[in-house]
Amino acid sequence: MKNVWQFMLFLIAIPALALSQPKEEHTMNRLIIYADSGKHTISRHIYGQFSEHLGRGVYEGIWVGKDSDIPNTRGIRNDVVQALKKIHVPTLRWPGGCFADEYHWQDGIGDPAKRPKMINTHWGGVVEDNSFGVHEFLDLCKQIDAEPYITGNVGSGTVEEMSKWVEYLTFEGVSPMADLRRQNGRDEPWNIKYWGVGNENWGCGGNMSPEFYAALYNRFATYCRNYGDNKLYKIAGGSYSDNYNWTEVLMKDIKPHLMDGISLHYYTINRDWSDKHSATNFDEASYFEVLQKSLKLDTYLTEHTQIMDQYDPEKKIDLIVDEWGAWHAEEPGTKRGFLYQQNTLRDAFVAALSLNIFHQHAERVHMANIAQTINVLQAMILTDKEKMILTPTYHVFDMYQVHQDALLLPSELTSKAYSPASDSKLDALHASSSQSADGTINLSIVNIDPKNSMQVECELRGIAAKAVSGRILTAAAINSYNSFEQPEHVQSTSFKDISIKNNKLHVAMPAKSIVVLRVSPE
Ligand code: AHR
């Protein structure tokens with residue numbers, strides 16, 4: 001009798017088990033991509049960079065001078081140029097940041113030996129000798145094939161100074177500034193599109209009220225002229241995080257014909273401004289907190305967009321997130337105010353999640369510039385004299401570059417939770433997909449769970465998949481990083497745990513991994 005009951009229970013249990021086990025996997029991690037419903041292009045400028053006169057970002061990181069033993073072209077490091085070319089940097093923002101509102105461009109032109117020196121009051125109080133100036137920056141842009149994005153000085157500058165800068169750069173005919181440019185060895189004007197009118201003018205750029213800045217903006221922007229075929233794309237110095245009032249006042253008070261974009265800054269700060277934590281020495285609770293904060297970007301973009309929509313329903317004005325990234329404590333033993341921090345797999349997640357979020361907001365977000373390219377904050381590259389290493393963040397930009405100028409594809413993702421403690425929970429998986437001009441589908445999937453791998457079933461609707469290839473970025477630990485001793489400790493490799501069956505991709509995402517897949521259509 002006992003055996004009969006056991007047998008009957010067994011019979012009931014088999015289908016129940018069969019249904020519940022695989023079904024849980026099946027329904028929990030599921031991605032549906034609508035390959036025939038893309039509407040918005042992911043602007044390549046979302047992959048922009050930012051290099052400020054701060055710490056060792058420009059000096060040492062980019063500029064070593066023409067007489068340096070470090071191989072260089074006209075003073076600019078060759079190794080750095082080569083690395084940046086590989087990730088196709090579309091735009092480079094310069095000279096700041098806070099530095100922009102105390103920079104006087106005329107100090108950075110002409111004979112370098114005669115250029116005046118200044119104190120970089122924001123960043124370490126060091127002497128800025130202006131050896132990397134206007135021509136050098138534009139040479140760098142040419143060498144890496146990036147579009148320049150120049151931020152002019154509103155905080156301590158004048159309308160005349162900014163207006164003359166535009167004339168110097170872009171006027172072809174005979175004029176005092178165009179003649180001065182020719183005297184300095186450059187006959188042809190440059191083509192300059194992206195033009196920032198001040199930076200963080202609610203803070204380091206002059207501590208202004210939004211009403212005061214908006215009035216100043218109208219005045220400064222009026223005198224930033226379009227010469228010949230050069231058409232400036234003017235960007236107002238925008239808000240930060242959840243400061244919605246600044247965006248609202250600017251949208252209300254700035255004349256729409258004077259503004260093409262409005263900026264926003266969002267840093268993922270590890271703890272808070274006064275008590276930032278180590279970039280490398282952290283536990284899982286800190287890892288969770290940082291990723292949770294970086295995901296808040298989505299809310300901030302949504303909220304600022306909603307405000308912009310009220311004043312600009314046709315979406316003529318873009319949102320330009322010209323500073324973003326992880327901001328940790330400075331590395332012990334480095335100069336205060338230089339913002340030098342190491343870069344771990346955790347930072348790679350901040351980059352991957354943020355880029356996925358920017359893609360989702362492609363309709364309004366035209367540009368984003370990670371802070372900062374070299375040796376400062378969440379850098380792509382770290383240098384030590386003649387040595388150079390690529391960070392995990394660099395590898396994300398390398399893998400993700402397939403999304404540049406691709407068509408954003410709508411997708412739906414159902415994910416298991418990553419829950420390191422009973423009171424904390426995030427989706428383990430985050431994804432984004434796009435379609436390149438040649439029809440290839442690009443899929444970036446992130447598994448932030450540091451302990452559990454994830455099986456993902458990905459359904460491609462509206463397209464027949466023929467072949468798939470992939471790359472993966474992962475590491476031994478969430479705080480793994482590349483050092484000058486071990487420069488290739490964290491790097492991307494080829495990813496093979498994918499198969500296609502019935503037009504579905506089956507992806508085995510290892511714990512703490514970032515995968516980019518490329519699917520060729522039939
Ligand atoms: O990127 C470092 C600084 O952060 C920038 O100079 C400033 O705009 C922001 O506060």
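Read the numbers this way: they start at 1 and go in the same order the structure lists the ligands and their atoms.
At a 4.0 Å heavy-atom cut-off, ligand 1 touches W123 through the side chain alone. With a heavy-atom cut-off of 4.0 Å, V376 does not touch ligand 1 at all. Proximity of H122 to ligand 1, defined as any heavy-atom pair under 4.0 Å, is not found for any part of the residue. Heavy atoms of F99 found under 4.0 angstrom from ligand 1: none, in either backbone or side chain.
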Next on the checklist: As a quick check of understanding, evaluate salt bridge (Lys or Arg N to Asp or Glu O under 4.0 Å) for D309 and R364, giving each step before the final call.
Outcome noted: CA-CA 9 Å; D309 285 349; R364 187 64 95 168; 2.6 Å; yes
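When each atom of ligand 1 is checked for a heavy atom of E52 under 4.0 Å away, the hits are 1 (O), 2 (C), 5 (C), 6 (O). The contact set between ligand 1 and F50, taken as ligand atoms under 4.0 Å from a residue heavy atom, comprises 1 (O). Atom numbering of ligand 1 starts at 1 in the shown order; those under 4.0 Å from a heavy atom of E200 are 7 (C), 8 (O), 9 (C), 10 (O). Taking every heavy atom of N199 and a limit of under 4.0 angstrom, the matching atoms of ligand 1 come to 8 (O). Close approach of ligand 1 to L377 (heavy-atom distance below 4.0 Å) involves ligand atoms 1 (O), 2 (C). Atom numbering of ligand 1 starts at 1 in the shown order; those under 4.0 Å from a heavy atom of Q372 are 1 (O), 2 (C). Of all atoms in ligand 1, numbered sequentially from 1 with element shown, those under 4.0 Å from a heavy atom of C98 are 5 (C), 6 (O), 7 (C), 8 (O).
Between Y240 and W246, the ring centre distance reaches or exceeds 6.0 Å. Aromatic pair Y194/H45: centroids less than 6.0 angstrom apart. Aromatic ring centres of Y233 and H366 lie closer together than 6.0 Å. Two rings, from W195 and Y149, have their centers 6.0 Å or more apart. Within the 6.0 Å centre-distance limit, the rings of W94 and Y103 are counted as a close aromatic pair.
From the protein, the heavy atom lying nearest to atom 7 (C) of ligand 1 is E323 OE1, 3.3 Å.
Under a 4.0 Å heavy-atom criterion, Y267 is in contact with ligand 1. For Y240, the closest heavy-atom approach to ligand 1 does not fall below 4.0 Å.
The aromatic rings of Y47 and F397 stand perpendicular to each other, their planes meeting at an angle above 60°, with 30° marking the opposite boundary. Ring planes of Y400 and H359: tilted class, angle from 30 to 60°.
Remark: R56 fails to qualify as a cation-pi partner of F338 under the 6.0 Å distance and 45° angle criteria applied to the six-membered ring.
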